Amino acid sequence: MSATDVQSSPHALDGKAYEGSCFCGAVQFTVRGEPAGMGYCHCESCRHWSAGPVNAFTLWKPEAVQVTRGADNIGTYNKTPTSYRKWCKTCGGHLFTEHPHWELVDVYAAVIPDFPYRAGVHVSYQETKLRIKDGLLKMKDLPKEMGGSGVVAAE
Ligand SMILES: [Zn+2]
Ligand SMILES: [Zn+2]
């Protein structure tokens, strides 16, 4: 399922909606309810694509993410079958990454500024370029329930 072709009604999910947009505003969307998880990803793919040292992610069921404007202005690239990375074709601003094998969409925390982001975990910490001593759990790769080793890394 693609987050961009979800046409669920506003009543399909309960909970507060938060507005998100690309850098220029051509693409707008909402996320609704509670995310399945939040944290920081330190993996090489996130760093290389974002051109930043770490990606702050929020993971949502696809039906919780609704594109309200500019759906045909969204570009997609998938280097691997597990991550379909999406951006605005006008400004290049990143929007989200679809993870079909998890049936989850990573909406970057930076593009939903009003959402009360609270990281719960750091993942792929063995690949880190920026150690963050915040006391949160650091996973060497991914939690077991996400297909990783579940091994905890030193902060
Ligand atoms: Zn844009
Ligand atoms: Zn990553």
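Numbering starts at 1 and runs along the sequence shown. Bear in mind the structure is a predicted one, so any value in this text is a computation, not a measurement. Order of listing sets the numbers, starting from 1, for every ligand and every atom in it.
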Check the pair F96, L59 against side-chain contact (heavy atoms from CB on, under 4.5 Å), reporting the backbone distance first and the verdict last. CA-CA 10 Å; F96 27 78; L59 294 169; over 6 Å; no

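Of the possible donor and acceptor atoms, one in the side chain of K138 sits under 3.5 Å from a partner among the backbone N and O of L136. For R131 (side chain) and E155 (main-chain N/O), a donor-acceptor pair under 3.5 Å exists by modelled atom type. Within the 3.5 Å criterion, the main-chain N or O of E127 finds a donor-acceptor partner in the side chain of R47. Within the 3.5 Å criterion, the main-chain N or O of V107 finds a donor-acceptor partner in the side chain of T58.
The six-membered or imidazole ring of Y40 lies away from that of Y125, with a centre-to-centre distance of 6.0 Å or more.
Sequence neighbours left out, not one pair with a member in residues 16-29 passes side-chain hydrogen bond (donor to acceptor under 3.5 Å, both in side chains).
The ring pair (Phe, Tyr, Trp, His ring centres under 6.0 Å) search around W87 returns none, not counting sequence neighbours.
Listed by chain and residue number, the protein N/O/S atoms under 2.8 Å of the Zn ion (ligand 2) are C41 SG, C43 SG, C46 SG, with waters left out. Excluding water, every protein N/O/S atom under 2.8 Å from the Zn ion (ligand 1) is given here by residue and atom: C22 SG, C24 SG, C88 SG, C91 SG.
Minimum heavy-atom separation, W102 to M146: NE1-O, 3.2 Å.
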